[in-house]
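What follows is a short report on a single structure.
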Amino acid sequence: PAAGKIRAVQLLDRALWKKLTALFGNPGIDDADHGWRCEYWGKMMRGACFLYRCSPVPDDELYAVLEETVRDMLTKQDALGRFSTYSVDCEFHGWDIWGRKYILLGMLYFLEICRDGALADAIRAFEGGDGLVVIRGSGVFLLHILLREFSVDHGGHLASYGLEGL
């Protein structure tokens with residue numbers, strides 16, 4: 001069915017996952033058009049984890065791809081502690097916070113299926129150096145928004161998005 005095709009064509013495509021994580025190694029790629037490329041990895045991870053959890057038997061092939069991309073994403077944190085496709089000059093504008101939220105969600109969904117204790121600990125211990133994202137404990141996850149400036153994009157909604165107590 002459709003899930004099998006999505007798995008084969010999209011979710012197992014290591015090159016596609018690499019392309020998505022590479023966006024975060026290039027802060028500023030979304031500056032000019034205030035794009036939302038920043039949300040793709042997290043949304044795809046969310047869907048992949050749902051598919052994995054629905055599988056009647058452990059899907060080792062899919063899991064290996066997901067673990068690989070999570071490890072890759074963890075290397076994309078910039079010197080300020082950000083996972084962002086926006087430069088520092090444009091952070092909190094456009095879809096920046098929205099995208100950071102999806103990085104957090106992708107990590108949280110993966111954490112639910114994570115088989116590697118050290119990797120799970122690394123995800124739980126993640127703290128964005130910019131104060132935006134803090135993950136602590138098992139079961140309580142927070143996204144703190146400490147804005148240095150107010151974004152007028154979309155009435156400020158995307159720059160003030162927060163999650164608490166997931």
Side-chain angles (χ1 to χ4, degrees), residues 1-31 35-88 91 94-144 161 163 166:
K5 184 172 184 173
I6 291 168
R7 177 188 173 276
V9 173
Q10 188 175 25
L11 301 180
L12 293 178
D13 185 347
R14 283 181 161 89
L16 178 57
W17 286 105
K18 271 289 202 198
K19 185 184 278 190
L20 295 177
T21 59
L23 293 170
F24 293 87
N26 186 17
I29 195 167
D30 278 329
D31 286 4
W36 56 84
R37 294 164 194 87
C38 49
E39 73 180 24
Y40 299 162
W41 182 89
K43 284 186 172 184
M44 200 158 120
M45 178 59 72
R46 177 181 169 200
C49 289
F50 283 154
L51 186 65
Y52 176 85
R53 292 183 74 180
C54 291
S55 179
V57 295
D59 186 339
D60 294 333
E61 185 180 16
L62 178 58
Y63 180 84
V65 171
L66 299 181
E67 182 178 311
E68 181 180 308
T69 192
V70 165
R71 290 181 186 281
D72 187 26
M73 181 57 83
L74 288 172
T75 71
K76 302 303 181 189
Q77 188 174 19
D78 70 15
L80 298 174
R82 304 173 327 128
F83 288 98
S84 182
T85 56
Y86 286 79
S87 68
V88 173
E91 70 180 337
W95 297 89
D96 182 37
I97 300 303
W98 190 261
R100 294 187 205 196
K101 173 193 77 167
Y102 274 104
I103 295 300
L104 172 64
L105 289 174
M107 292 293 182
L108 294 176
Y109 284 109
F110 181 78
L111 191 57
E112 292 176 357
I113 65 167
C114 188
R115 300 176 187 171
D116 182 313
L119 180 56
D121 288 345
I123 293 169
R124 282 190 200 100
F126 166 74
E127 182 169 346
D130 56 8
L132 289 177
V133 178
V134 180
I135 301 176
R136 289 287 181 258
S138 60
V140 178
F141 305 94
L142 305 173
L143 174 64
H144 292 284
Y161 199 96
L163 299 171
L166 289 177

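Starting from 1, each residue takes its place in the sequence as its number. From a predicted model like this one, the values you see are computed outputs, not experimental measurements.
The two residues P27 and R82 make their nearest non-hydrogen contact at CB-NH2, 3.9 Å. Across every non-hydrogen atom of S55 and V57, the tightest pair is OG-O, 2.6 Å. Summarising the geometry of D30 relative to C38, their closest heavy-atom pair is OD2-N, 3.6 Å, with the distance given to 0.1 Å.
R115 has a carboxylate O that lies under 4.0 Å from a charged side-chain N of D60, or vice versa, which qualifies the two as a salt bridge. Taking a cutoff of 4.0 Å between a charged side-chain nitrogen and a carboxylate oxygen, E61 and R7 qualify as a salt bridge.
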### R46/L105 under side-chain contact (heavy atoms from CB on, under 4.5 Å): CA gap, chis, key distance, verdict
CA-CA 7 Å; R46 177 181 169 200; L105 289 174; 5.8 Å; no
### Evaluation steps, side-chain contact (heavy atoms from CB on, under 4.5 Å), between D13 and K19
CA-CA 10 Å; D13 185 347; K19 185 184 278 190; over 6 Å; no
#### Entry: Residue pair Y109, F50: steps toward the ring pair (Phe, Tyr, Trp, His ring centres under 6.0 Å) verdict
CA-CA 8 Å; Y109 284 109; F50 283 154; 5.2 Å; yes
### Query
Do L66 and V70 pass the side-chain contact (heavy atoms from CB on, under 4.5 Å) test, and can you show the C-alpha distance, the side-chain angles, and the key distance before you say yes or no?
CA-CA 6 Å; L66 299 181; V70 165; 5.5 Å; no
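Distance CZ/R71 to NZ/K76: 15.0 Å, rounded to 0.5 Å. The CD1 atom of I6 sits 10.5 Å away from atom CE of M44, with the distance rounded to the nearest 0.5 Å. Annotation: the span from D96 atom CG to S87 atom OG amounts to 9.0 Å, rounded to 0.5 Å. In this structure, CZ on F110 lies 9.5 Å from OG1 on T69, to the nearest 0.5 angstrom. For the atom pair CG (D121) and CG (L111), the distance works out to 9.0 Å, reported to the nearest 0.5 Å. Atom CE of M107 sits about 10.5 Å away from atom SG of C114, to the nearest 0.5 Å.
Ring-plane geometry between W95 and W36 is classed as perpendicular, the angle between the planes exceeding 60 degrees on a 0 to 90 degree scale with a lower cut at 30.
Counting heavy atoms from C-beta outward, R37 and N26 have side chains that stay 4.5 Å or more apart. Between E112 and C49, the closest side-chain pair of non-hydrogen atoms is not below 4.5 Å. Under the 4.5 Å side-chain criterion, counting only non-hydrogen atoms from C-beta, L11 is in contact with L62. Between W17 and R14 the shortest side-chain heavy-atom distance does not fall below 4.5 Å.
Under the 3.5 Å distance criterion, the side-chain polar atoms of Y86 are matched with a main-chain donor or acceptor of G35. Of the possible donor and acceptor atoms, one in the side chain of T75 sits under 3.5 Å from a partner among the backbone N and O of D72.
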